[in-house]
Protein chains: 2
Amino acid sequence: MRIGEAADAAGMTTKTIRFYEKRGLLPPAERTANGYRRYSRETISRLEFIRRSQVAGLTLAQIEGILRIRDNGMTPCTHVRDILAKQLLDLDQKIAELTALRATVAEQYATAKAADPRNCDADLICSYI
Amino acid sequence: MRIGEAADAAGMTTKTIRFYEKRGLLPPAERTANGYRRYSRETISRLEFIRRSQVAGLTLAQIEGILRIRDNGMTPCTHVRDILAKQLLDLDQKIAELTALRATVAEQYATAKAADPRNCDADLICSYI
DNA sequence: CTGCACCTTCCCCTGCGCGGGAAGGTCAAG
DNA sequence: CTTGACCTTCCCGCGCAGGGGAAGGTGCAG
């Protein structure tokens, strides 16, 4: 399998695959006689894992950590559990922040809708914000 | 007021003020005889407005739009109202996305906590994700 | 006189995840 | 023999909002 076929199979571009290799998410690819990269189904599984992880919101750095454990012959289960736990906390915090921000903006918007433009204070640029 | 004092007064760094000037959020500063930038309270108000806008989650591009209207001698009220409305929609969408993601991750985490590590399939890298 | 704190311009760096495009090699089909 | 679709390496770019640090000027205190 050449890189273009692997990219199609995994649903990404050749650029992305080379980028992953350079970043260390993939081991240096085997090469054919003419220097082309050659991939096995195993690599496709790896690429698919990366995609699934990204869908879960993990960063490439986190994914790299999981892969490295696998590559050292160990099972990454515990590590993955920790990462997922941290991801849950991060998401909760972000959602809380955005919800608080939404409340602030909603209030400003309400003020802006109700206010009389003639009360505009030039020194504040805009009194709603 | 020199740039350092202005930065202290507005709660930002001198780097940021110069950056805003280059980006067009601030008009080119007046200069003293030795070439130092000199600021008035009016500029501080402008910087404070920028900060308040950032707290509301606006981008510098949006803030620039508001300031430009002011600088053209008009009141930005209507424009600000539109921006706040869009901001509310954006926030709602982001919150919805994060909430959906949180549900996915929560499910994966529950699976990971309940699963037996011995069922780990090496070909999938990790069966929880 | 010397130090120190401040100012100036300049250009590069960060994090994140790639994308664009140049300049060139390879291979099968027509 | 040429075309076209692949592939290779290389380096630069984005978007966002600045930060780091060099190399040099300025102004005041001790």
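The basis for the numbers below is simple: all heavy atoms, side chains too, and nothing from hydrogens, waters or symmetry mates. Proteins get letters first, then strands, A, B, ... in listed order; numbering begins at 1 in each.
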Nearest-nucleotide 5' precedence on DNA chain D, A/Lys22 against A/Asn34: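 So the residue in question is A/Asn34.
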Compare side-chain N and O positions of [X] against OP1 and OP2 of [N] and report whether any pair is under 4.0 Å apart.
X       : N      : value
B/Arg2  : C/dC6  : no
B/Thr16 : D/dG19 : yes
A/Arg31 : D/dT9  : yes

Gap between atoms CD1 and C1', on A/Ile17 and D/dC6 respectively (whole Å):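 Going from CD1 in A/Ile17 over to C1' in D/dC6 covers 14 Å.
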Length of the CD1-C1' vector between B/Ile63 and D/dA17, whole Å: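 Value for this atom pair: 11 Å.
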Touch class at under 4.0 angstrom, heavy-atom based, for B/Arg18 against every strand present: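 Base: the residue B/Arg18, judged by heavy atoms under 4.0 Å, touches a nucleobase.
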Within residues 62-72 of chain B or reaching into it, pairs that qualify as salt bridge (charged side-chain N to carboxylate O under 4.0 Å, His left out) - sequence neighbours excluded: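 Passing the test, one end in residues 62-72 of chain B: B/Arg23-B/Glu64, B/Arg46-B/Asp71, B/Glu64-B/Arg68.
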Salt-bridge present (A/Lys94, A/Asp90; N to O < 4.0 Å):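 No.
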Under 3.5 Å donor-acceptor pair, B/Tyr36 side-chain atoms to D/dG27 base atoms: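 Check fails, no donor-acceptor contact within cut-off.
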Intermediate values then yes/no, side chain to side chain contact (heavy atoms under 4.5 Å, CB included), A/Arg37 and A/Glu21: CA-CA 11 Å; A/Arg37 286 176 180 80; A/Glu21 181 180 326; 2.9 Å; yes
All N/O pairs under 3.5 Å across the protein-nucleotides 14-17 of chain C interface:
| from | atom 1 | to | atom 2 | distance (Å) |
| --- | --- | --- | --- | --- |
| C/dG17 | OP2 | A/Leu60 | N | 3.3 |

A/Ser53 (side chain) donor-acceptor with A/Phe49 (main chain) under 3.5 angstrom: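 It does hold such a pair.
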Heavy-atom donor-acceptor pair, B/Thr99 side chain to B/Ile95 backbone, under 3.5 Å: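 Yes, the answer is positive, given that a donor and an acceptor are paired below the 3.5 Å cut-off.
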